[in-house]
Novice: 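Got a structure here, written out as structure tokens. Questions coming.
This structure is a prediction, so every number in the text was calculated from the model and none was measured. A, B, ... follow the sequence lines: proteins, then strands. Residue 1 opens every chain.
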Amino acid sequence: MQNPYEPYPVRIDEVTDATEDKSLKTFRFVFENPEDEEKFSYRAGQFAELSVTGLGEIPIGIASSPTEKGFVMFTVFRVGKVTSYLHNMTAGDLMGIRGPLGNCYPWDLLEGKNIVIIGGGFAFTTLRSSIVYMLDPANRPKFKDIHVIYGARNPGLLLYRDELYDWEQRDDIHMHITVDGTDDPDWKYNTGFVPTITEQKAPAADKDTYAIVCGPPIMIKFTLPVLETLGYPHDQIIMSLENRMKCGIGMCGRCNIGKELVCKDGPVFTLAQLNHTPREY
Amino acid sequence: MEMIKIDKKDWNKGLDRSRKTYRLVGPVKRAGEDLAGFYELADKEHPDMGAADTVLSAKSVVYPQTEVMFRYTTDKNSPDCNRLKRPAADYSPRAVIGIRPYDAAAILMLKKNFDTPDYRDPYWCDAYEACTFVGLAVDAPSSTDFSTSTGSGPFSEKGLDVLLVDMAGHYLAKVLTDKGAAYMKAAGWQRAADAKAAAQQIEKKKKAAEALIVSSVSFDKIARKSILDLYKADFWDDVAFSCINCGTCTYVCPTCWCFDIQDESKGKTGVRYKNWDSCMYPLFSLHGSGHNPRGTKTMRARQRFMHKLKYFLDKYDDGIMCVGCGRCVRSCPVNIDIRRVCELMNRYGPDPDACAV
């Protein structure tokens, strides 16, 4: 069994600004050893530890989709020591990634279902992975209607803007892009907070309809009651959590929410599962 | 099960003989240090069997307080720039002499965390597998010892390869595993004791030691209460009132396993290492955003007790994460007592055994 703390060496292939304020950047990594890419076989919803020697590791959701080959992609908010350093690294630099870690969205269960993706702000990374995965021609027939409600404070803070606008043109996915506010007179999409747009646009609850919700705490707080009002049962509301992590493999002991570890038993939980935990996240 | 008699005059000789194949670890008090601890013994050094009740547990034998995981260079001219390398470490056989039965039982609990079906922590597991545990039964339990009620006990054999019982002029050695038999052979201790008589003598000493243990914990009702009911119980502020979050309990505890990972560079080289960490510290769970899901001392004290007495119990269905060594009770500067907290939790709320009226 290999050392689970040892990262795979990867090279930064491309760094792009993910938001107009440059507080988030998107990194594409290419595995130095092609066989490592096979070992890093992941599903949408999982995360990895990005390792920068001399600074440490950070747990980040995988933003690329398993259907995208030849690279892995992460979008990172500049917040602390590792992320600040990472933001100054450039294409060609060698670093490490460790994973894939944690569980994924319950894809086996979600097959044949309507999917409603609700995201806010920076928490759209594994949701992007999920959308790209579902829209892959080989996978799209496995799912019924796909709705996406995604909002940010203003248009410049929406992640993956070009893709969002492309998806908007497609007829096999219902996009509901929104911003809290904008002074752009040409803004073609919704204006309003995510919970409000959810109330207006989310499909009615149904035994075959599952919501995946990721966003800042304030968005979650006001979106869950909307889904409840719409009749979504708690086991059909899926969430992805974050907590401080070190090992990512269930050993270092800090990310627990009761007896569950966010890194290993999560990060994906249904609201029904979370209701039985102390919710220390 | 083999019983061997070791005359104390042959004790050091046997230890020395075993050094050909084993590195020895045992309790010693070293010059310049206040406390005895479990250390790897130098060539002519012998364990101080009278100092086996160490303030810090023996967990550091397999789980050092600080351990290098990787070395690296950040020198761009080096082909190894930014590549992590696990340094070579000595995992040749080690015999841990004089470990107390509750500490050996605790190491089995740590094993549940570090050796799982999904992942194997190679640092912990390699060190563990190198070890042969030659334990020393407790004849005079401390007043804070409650090990008999946690599934361990002064003569517990859990996690041990050999159990030594001090019979004044000699040790009776109960050989429990093949690893233990191999060590006895390497030490040249092969004089079989009369198995039946030895077993009777040990049983007698065991009963006497157990009778000296005056405190206990009950957790029979904790398993049937919900995590949320216990989490929301009204006694946590009271339990944590005097707590100063110093972390002493977690450091002296043989079953606390939480750790941190840090990089430390000097110039262009450095190490990534594992350090013991503690759920008592705010940084343990602080998010990058500044949010802390366990932001108050009450939440942190509750996390420690809930982890030991409820989460672990629910997760593994194999008792509580405590061996009853009593160290945290003795070392706590503000007299927080896990036995009292366990009792509060066990008694909290409606009695699951009570008849409905």
Novice: Hey, which of Lys259(A), Met245(A), Glu6(A), Glu242(A) has the most heavy atom pairs under 4.5 Å with chain B?
Specialist: Lys259(A)
Novice: Taking side chain as everything from C-beta outward and backbone as N, CA, C, O, which of these in Leu283(B) sits under 4.5 Å from a heavy atom of chain A? Side chain, backbone, both or neither.
Specialist: both
Novice: Of the listed residues (Ser51(A), Gly96(A), Pro217(A)), which shares the most heavy-atom pairs with chain B below a 4.5 Å separation?
Specialist: Ser51(A)
Novice: Tell me, side chain or backbone of Thr83(A) under 4.5 Å from chain B's heavy atoms, or both, or neither?
Specialist: neither
Novice: Among Cys247(A), Gly56(A), Gly54(A), which residue forms the greatest number of heavy-atom pairs with chain B at distances under 4.5 Å?
Specialist: Gly54(A)
Novice: Quick one: what part of Tyr281(A) sits under 4.5 Å from any heavy atom of chain B, side chain, backbone, both or neither?
Specialist: backbone
Novice: With only heavy atoms counted, which part of Phe312(B) is less than 4.5 Å from chain A, the side chain, the backbone, both or neither?
Specialist: neither
Novice: Is Pro9(A) close to chain B through its backbone or its side chain, or both, or neither, when contacts mean heavy atoms under 4.5 Å?
Specialist: side chain
Novice: Given a strict heavy-atom distance threshold of 4.5 Å, which part of Leu55(A) is in contact with chain B: side chain, backbone, both, or neither?
Specialist: backbone
Novice: Please state whether the side chain, the backbone, both or neither of Arg71(B) comes within less than 4.5 Å of a heavy atom of chain A.
Specialist: neither
Novice: Please classify the contact of Phe284(B) with chain A as side chain, backbone, both or neither, using a heavy-atom distance under 4.5 Å.
Specialist: both
Novice: If you tally heavy-atom pairs under 4.5 Å against chain B, which of Gly253(A), Cys255(A), Cys252(A) wins?
Specialist: Cys252(A)
Novice: So for His307(B), is it side chain, backbone, both, or neither that comes closer than 4.5 Å to the heavy atoms of chain A?
Specialist: neither
Novice: With only heavy atoms counted, which part of Glu260(A) is less than 4.5 Å from chain B, the side chain, the backbone, both or neither?
Specialist: neither
Novice: Given heavy-atom pairs under 4.5 angstrom as the criterion, report whether the side chain, backbone, both or neither of Asn275(A) touches chain B.
Specialist: backbone
Novice: With a 4.5 Å heavy-atom cut-off (strictly below), which parts of residues 255-266 of chain B touch chain A? List them by number.
Specialist: Trp257(B), Cys258(B), Phe259(B), Asp260(B), Ile261(B), Gln262(B), Asp263(B), Ser265(B)
